[in-house]
J.: 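Mind looking over this structure? Questions follow.
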Amino acid sequence: MKAAAEARAGAPILHADPFTREFMDDPYPHFEAMREAGPALWSPQYECYVVARHDDVQRVLSEWQTFSSAAGVGLANFNKEKPWRPPSIVLEADPPLHTRTRTVLARTMTPGIVRKLREQFEREAELLVDRMLDMGEFDGIADFAEYYPTKVFPDALGLPEKGRENLLPYGAMVFNSFGPQNEFTQAAMANADAVRGWIMANCARAELTKDGLGAMIYAAVDSGELKEDEAAMLVRSFLSAGVDTTVNAFGNLLWCLATHPAQWKKLREKPELARNAFEESLRYEGPAQAFFRTTTKDVEIGGVKVGADEKICAFMQSANRDPRRWERADEFDIERKVVGHMGFGTGIHGCVGQPIARLEGEAVFAAFARKAATIELAGEPKRQYNNVLRAFSSLPVRATRQ
Ligand code: OVM
């Protein structure tokens, strides 16, 4: 105990609790204080290190040999605690396992496949935006943001229609569980058995269509790259990672546009900026706030000595607002050169689904830019409290046609 305390003595103390309503209501002053305090902080409350500067976040996410994912990418250390579900064989894994599973996933999202999905995604985007403009006033979350990720994306996967209402509750379970076992995690776990049961049952080969992305995963069983149960686990990864992330990316970008009229005007004048606007929203107000790693050996982070088997929380959203990396870091600018943002993470675990996420974002927000004249808040947005997702539970919006 004493040795551990001394090993941690070099790091400034993090007093704030990132997993509270107060922090989530406005995390940015906290992020600034964290970046200013030093390259690596120690949280006595959670017994983990925290990095919040762009360079350090990038390093922790890049050096996978030192900062391992196999002991979990949440606060829980799987070397010491039993995970709440069988670990993901891609997210919560290191090479060589990770390399093999990621290769199979990446093959389902090549430019050629994205090109084939585009037509269907664009058609659905037009319909969605027309529906919103017919409504005039709508909820940017329930009516708008939740649509694609629970309809178009599962359609592309080849998932059955029945029971898709389990997707959002499952995402809430997955993402809250990366944080501590606090009130948010407990609330998300209320109906865990039924939700988990549906998810696992619908990852089976027999439940999926023959022509979707899910079937492509199972094709890797037939070619000898995966075992049957591994294929089910990779379909589970699609369902874990591909729903709540995009829902909240859509909600956050809609909020950005409704509250930044000059940027909305730019987008309206040039709908081809939709792709970069989506990207900038991932920097400015990204849905995925943080992931953890576990040290495999003694390491130094900006002069702070960190021992082996320590948890480190890499605050991606703080990196995205670090003035050391970004000019006008706190300005939302859809024409910004936004490469290097941490909204998709980076390194070998950088979001494998990003081609599909970008396709979704571009399709929907380009349609919005072409069809809508005005977009503004019609009421007070309400926050959805989630340990690692930046999210709204409701976002009242008013929009008019072009
Ligand atoms: C997975 C998984 C779950 C959540 C997020 C994620 C951001 C992956 O089960 O593989 O990536």
Side-chain angles (χ1 to χ4, degrees), residues 57 60-61 64 67-76 78 83-95 97-106 108-109 149 153-154 157 159 166-179 184-185 188-189 192 195-196 198-200 202-203 213-214 217 220 226 229-249 252 282 286-293 313-317 319-320 341-358 360-361 386-391:
V57 168
V60 166
L61 297 182
W64 57 267
F67 305 104
S68 165
S69 290
V73 299
L75 176 61
F78 296 173
W84 69 278
R85 60 171 193 166
S88 164
I89 60 172
V90 61
L91 179 77
E92 294 155 329
D94 293 333
L97 171 61
H98 168 269
T99 316
R100 180 165 61 87
T101 52
R102 170 141 181 147
T103 301
V104 173
L105 280 178
T108 71
M109 294 175 245
F153 177 66
L157 267 179
L159 203 69
N166 287 292
L167 290 168
L168 291 170
Y170 190 66
M173 287 161 60
V174 168
F175 284 95
N176 277 301
S177 294
F178 292 130
F184 307 129
T185 305
M189 289 295 175
V195 173
R196 204 175 358 199
W198 184 87
I199 293 288
M200 287 322 297
N202 286 276
C203 289
L213 307 186
I217 303 283
L226 292 179
D229 60 324
E230 290 178 325
M233 287 293 280
L234 290 185
V235 176
R236 193 193 74 171
S237 285
F238 267 117
L239 303 184
S240 304
V243 182
D244 279 50
T245 45
T246 28
V247 165
N248 294 303
N252 292 352
L282 296 180
Q289 300 291 284
F291 280 109
F292 292 71
R293 295 291 187 260
C313 180
F315 258 105
M316 287 132 59
Q317 190 54 35
N320 282 346
H341 76 74
M342 293 290 130
F344 284 127
T346 191
I348 64 167
H349 289 277
C351 179
V352 70
Q354 55 186 292
I356 294 184
R358 289 199 178 103
E360 295 184 24
N386 181 299
N387 284 327
V388 304
L389 290 177
R390 184 142 185 82

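Each ligand, and each atom within it, is numbered from 1 in the order the structure gives.
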J.: State yes or no: are the ring centers of F178 and F292 separated by less than 6.0 Å?
T.: no

J.: Quick one: which ligand 1 atoms are inside 4.0 Å of a heavy atom on S88?
T.: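 The atoms of ligand 1 under 4.0 Å from a heavy atom of S88 are 1 (C), 9 (O), 10 (O).
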
J.: Measure T245 to ligand 1 on non-hydrogen atoms and call it side chain, backbone, both or neither using the 4.0 Å cut-off.
T.: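 The answer is neither.
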
J.: Give the residue and atom name of whichever protein heavy atom lies nearest to atom 3 (C) of ligand 1, and the separation in Å to one decimal.
T.: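 Heavy-atom neighbour on the protein nearest atom 3 (C) of ligand 1: S240 CB, 3.3 Å.
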
J.: Among all the protein's non-hydrogen atoms, which is closest to atom 6 (C) of ligand 1, and how far away is it?
T.: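 Its nearest protein heavy-atom neighbour is A241 CB, 3.3 Å.
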
J.: Tell me the protein heavy atom at minimum distance from atom 2 (C) of ligand 1, and give that distance in Å.
T.: L91 CD2, 3.6 Å

J.: Looking at A241, is its backbone amide N or carbonyl O close enough to the side chain of T245 to form a donor-acceptor pair, meaning the two atoms are under 3.5 Å apart?
T.: yes

J.: Are the side chain of H349 and the backbone N or O of D94 linked by a donor-acceptor pair below 3.5 Å?
T.: no

J.: Just by distance, do the side chain of N320 and the backbone of M342 share a donor-acceptor pair under 3.5 Å?
T.: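 Looks like yes, one N/O pair under 3.5 Å.
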
J.: Does ligand 1 come near enough to R236 that some N or O of the ligand is less than 3.5 Å from an N or O of the residue?
T.: no

J.: Do the side chain of T246 and the main chain of P149 share a donor and acceptor less than 3.5 angstrom apart?
T.: no

J.: Look only at the side chain of H98 and the backbone of S69, and say whether a donor-acceptor pair between them is shorter than 3.5 Å.
T.: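 Not a single qualifying donor-acceptor pair exists.
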
J.: Under a 4.0 angstrom heavy-atom cut-off, which atoms of ligand 1 come close to V90?
T.: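 Close to V90: 10 (O).
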
J.: Of the protein's non-hydrogen atoms, which lies at the shortest distance from atom 4 (C) of ligand 1, and what is that distance?
T.: V174 CG1, 3.6 Å

J.: Starting from atom 7 (C) of ligand 1, find the nearest protein heavy-atom neighbour and note its residue, name and distance.
T.: F291 CZ, 3.8 Å

J.: So D244 and Y170, do their side chains get closer than 4.5 Å, heavy atoms only?
T.: no

J.: Name the closest protein heavy atom to atom 9 (O) of ligand 1, giving the residue it belongs to and the distance to 0.1 Å.
T.: R85 NH2, 2.9 Å

